Amino acid sequence: MSSVQFPDSVAHLIQYDQSLIPHVWLGIGGPARYFAEPSSRQELIELVRVAHGLGIQPRVLGGGSNLLVRESGVDGLVISLTAAELGQLSVSGDRLTAGGGAKLSHVVTHAVGAGLSGLESLLGIPGTVGGALVGNAAAVGRDIGSVTSKVEILSPDGQVRWIGNEEAQFSHRRSNLGGQVILSATFQLQPSDVAALTKRMQKMWIVRNAVYPQGRSRIALPFVDPDGATAQRLIADIGLSGISEGGASLSPERQGVLVVNDRATSDDCLKLIERIREQVLLQTGVDLQTNLQIW
Ligand SMILES: Cc1cc2nc3c(=O)[nH]c(=O)nc-3n(C[C@H](O)[C@H](O)[C@H](O)COP(=O)(O)OP(=O)(O)OC[C@H]3O[C@@H](n4cnc5c(N)ncnc54)[C@H](O)[C@@H]3O)c2cc1C
C-alpha cells in the first residue's frame with residue numbers, strides 16, 4: 001500500500017508501524033502500518049468513514065485472543081476498541097446492552113449481578129463482545145448468538161445501523177459480522193435469582209480453570225470442534241501429543257491448545273496448524289476448520 005495522508009480530523013489518532021505484539025495473546029507477529037485507538041464513538045465513526053474514503057478497509061482488534069498476526073504484519077489500518085466509551089454496559093428490564101469493546105467477562109458478571117441469566121456459561125472466554133459475536137463464541141453448549149437480539153454495526157462506509165439476530169446468521173463458531181465494526185449489541189436474558197446464578201457461575205469458573213493450562217497466557221485455540229467430536233479428542237487419538245514446529249507446540253496438558261515460547265514465530269504456528277490439519281484429515285477423514293483469525 002502506498003503511503004496515505006490522513007486528513008486533520010483523524011491524523012492525530014494515527015500511529016505508524018505500531019507493533020501488535022502487546023495486543024495479541026500469542027505475542028508474536030509483525031506491526032500494523034497504521035494503528036489507532038479512538039477514544040470515543042464519534043472518533044471511531046469518523047475514522048472508519050475517512051478510511052473508506054481513502055480506500056482502506058480497517059481491521060478491528062478486540063482482546064486479541066483469537067488472532068495470529070503474520071510476521072509481515074498488517075499493511076493497513078488496525079483499530080483497537082479499548083476506550084471506555086466503546087465498552088459501556090446498560091441494563092433495561094431483561095435486556096443488557098454492551099459496547100463492542102466491552103470485556104466479555106465484565107458483561108457476564110454485570111448480567112449475573114443484575115439477576116439476568118443467559119450469558120454465564122461464557123464466563124472465562126477471553127476477549128471482547130465484538131470478538132465473541134464475530135466468532136459466535138460458545139462454552140458449555142451455549143453460544144452468544146443464542147441470546148443476542150440485535151447488533152449495532154458500523155459499515156465500512158461509516159453508516160450505523162442495527163441488525164436483528166437472523167441477519168447476523170449465527171452458526172457453529174461463525175457469524176456474518178466480520179468485516180464491519182460492531183459498535184454494540186443487545187442481549188435478551190432471563191430474570192433469575194442473583195444468589196443461585198452467582199453460585200452457578202462460580203461452579204462453571206472452577207470447572208473452566210481446571211480445563212485450561214494454568215500460568216500460560218501465550219496460548220490460542222486454533223481449531224473449531226467438528227460436529228459430534230472435539231478437536232482435542234481427534235488430535236489425541238491419532239497420537240499427535242507433543243507435536244511441535246519451531247517454538248510452537250500443542251499444550252501437553254490439553255491437546256487442542258496451541259502454546260508458543262519465546263522463540264516462536266507466526267510461521268511456526270501456521271506450519272504446525274497445517275501439519276495437524278493434514279494428519280487429522282489423512283487419519284480420520286475430518287477436515288478441521290481453523291478458529292484462529294490469521295492477519
Ligand atoms: C485460553 C483461551 C480460551 C478460549 N476459550 C474459548 C471458548 O471457550 N469458547 C470460544 O468460543 N472461544 C474461546 N477462545 C477463543 C477466543 O477467546 C474467542 O474467539 C473470543 O471471542 C475472541 O474475542 P477477542 O475480542 O479476543 O477477538 P480478537 O482476537 O481481537 O478478534 C477476533 C476477530 O474478531 C474481530 N473483532 C473483534 N472485535 C470486533 C468488533 N468490535 N467489531 C468487528 N470485528 C471485531 C477481529 O477483527 C477478528 O477478526 C479462547 C481463547 C483462549 C486464548
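Order of appearance sets the numbers: ligands from 1, and atoms from 1 within every ligand. Just so it is clear, the structure is predicted and the values come from calculations on it, not from any experiment.
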Asks: Ion pair present between R277 and D287, side-chain N to carboxylate O less than 4.0 angstrom?
Replies: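 Yes.
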Asks: Below the 3.5 angstrom mark, is there an N/O of P126, backbone or side chain, next to an N/O of ligand 1?
Replies: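 By distance alone, the answer is yes.
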Asks: Atoms of ligand 1 less than 4.0 Å from A138 heavy atoms?
Replies: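 Near A138, meaning under 4.0 Å from one of its heavy atoms, ligand 1 has 7 (C), 8 (O), 9 (N), 10 (C), 11 (O).
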Asks: Is it true that R275 and E278 have a side-chain N and a carboxylate O under 4.0 angstrom from each other?
Replies: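 The answer is no: the pair does not qualify as a salt bridge.
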Asks: Out of curiosity, is G64 lining ligand 1, as in a heavy atom under 4.0 Å away?
Replies: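 Yes, that is the case, since the closest heavy atom of the residue is under 4.0 Å from the ligand.
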Asks: Give the contacting part of L221 toward ligand 1: side chain, backbone, both or neither, where contact means a heavy-atom distance below 4.0 Å.
Replies: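 Contact part for L221 vs ligand 1: side chain (C-beta onward).
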Asks: Which atoms of ligand 1 sit under 4.0 Å from any heavy atom of W25?
Replies: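 Those qualifying, in numeric order: 53 (C).
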Asks: Test of understanding: given a 4.0 Å heavy-atom threshold, classify the contact between K103 and ligand 1 as side chain, backbone, both, or neither.
Replies: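 No part of K103 is near ligand 1 at this cut-off.
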Asks: Any atom of ligand 1 sitting under 4.0 Å from a heavy atom of G178?
Replies: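 Per 4.0 Å heavy-atom rule, G178 does not contact ligand 1.
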Asks: Quick one: does S175's side chain have a donor or acceptor within less than 3.5 Å of a partner on L133's backbone?
Replies: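 Confirmed, S175 side chain pairs with L133 backbone.
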Asks: Applying a heavy-atom cut-off of 4.0 Å, say which part of I219 lies close to ligand 1: side chain, backbone, both or neither.
Replies: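 It is both backbone and side chain that touch ligand 1.
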Asks: State whether the shortest distance between N or O atoms of L61 and N or O atoms of ligand 1 falls below 3.5 angstrom.
Replies: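 So ligand 1 has no N or O lying under 3.5 Å from an N or O of L61.
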Asks: Tell me whether R41 is salt-bridged to E152, with the criterion being a basic N under 4.0 Å from an acidic carboxylate O.
Replies: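 Yes, R41 and E152 are salt-bridged.
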Asks: For G63, take its heavy atoms, then give the atoms of ligand 1 lying under 4.0 Å from any of them.
Replies: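 Atoms satisfying the 4.0 Å criterion: 24 (P), 25 (O), 26 (O), 30 (O).
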Asks: Of the backbone atoms (N, CA, C, O) and the side-chain heavy atoms from C-beta on, which set of V134 has a member under 4.0 Å from an atom of ligand 1: side chain, backbone, both, or neither?
Replies: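 For V134, only side-chain atoms sit under 4.0 Å from ligand 1.
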Asks: When the ring planes of Y16 and Y34 are compared, do they come out parallel, tilted or perpendicular, using 30° and 60° as the limits?
Replies: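 Answer is perpendicular, since the angle exceeds 60°.
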Asks: Going by the order shown, which atoms of ligand 1 are within less than 4.0 Å of some heavy atom of W295?
Replies: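 Listed by number with element: 47 (O).
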Asks: Mark up the atoms of ligand 1 that fall under 4.0 Å of a heavy atom belonging to L81, in ascending order.
Replies: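 Selected atoms, number and element: 41 (N).
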Asks: What atoms of ligand 1 come within less than 4.0 Å of a heavy atom belonging to A137?
Replies: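 So the answer, numbered in order with elements, is 11 (O), 21 (O).
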Asks: Counting heavy atoms only, which part of S65 comes closer than 4.0 Å to ligand 1: side chain, backbone, both or neither?
Replies: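 Both backbone and side chain.
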Asks: Report, in ascending order of atom number, the atoms of ligand 1 lying under 4.0 Å from any heavy atom of G127.
Replies: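 Within the 4.0 Å cut-off of G127, ligand 1 contributes 23 (O), 24 (P), 25 (O), 26 (O).
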Asks: Membership question, hydrophobic clusters at under 4.5 Å side-chain separation (ILVMFWY): are F170 and V181 in the same one?
Replies: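 In one cluster: no.
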Asks: Quick one: does S146's side chain have a donor or acceptor within less than 3.5 Å of a partner on D143's backbone?
Replies: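 A pair under 3.5 Å: yes.
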Asks: Taking only heavy atoms of R173 into account, list the atoms of ligand 1 that are under 4.0 Å away from them.
Replies: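 Here the atoms of ligand 1 in question are 10 (C), 11 (O), 12 (N), 19 (O).
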Asks: Before you tell me yes or no, could you show the steps for S184 and W162 under side-chain contact (heavy atoms from CB on, under 4.5 Å), namely the whole-Å CA-CA distance, both residues' side-chain angles and the distance that decides it to 0.1 Å?
Replies: CA-CA 9 Å; S184 69; W162 284 90; 3.3 Å; yes
Asks: Which one holds for Q180 and ligand 1: side chain close, backbone close, both close, or neither close, with close meaning a heavy atom under 4.0 Å?
Replies: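 Q180 to ligand 1: backbone contact only, side chain stays beyond 4.0 Å.
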Asks: Less than 4.0 Å between a side-chain N and a carboxylate O, is that true for R218 and D262?
Replies: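 Looking at R218 together with D262, the answer is yes, because their closest N to O distance falls below 4.0 Å.
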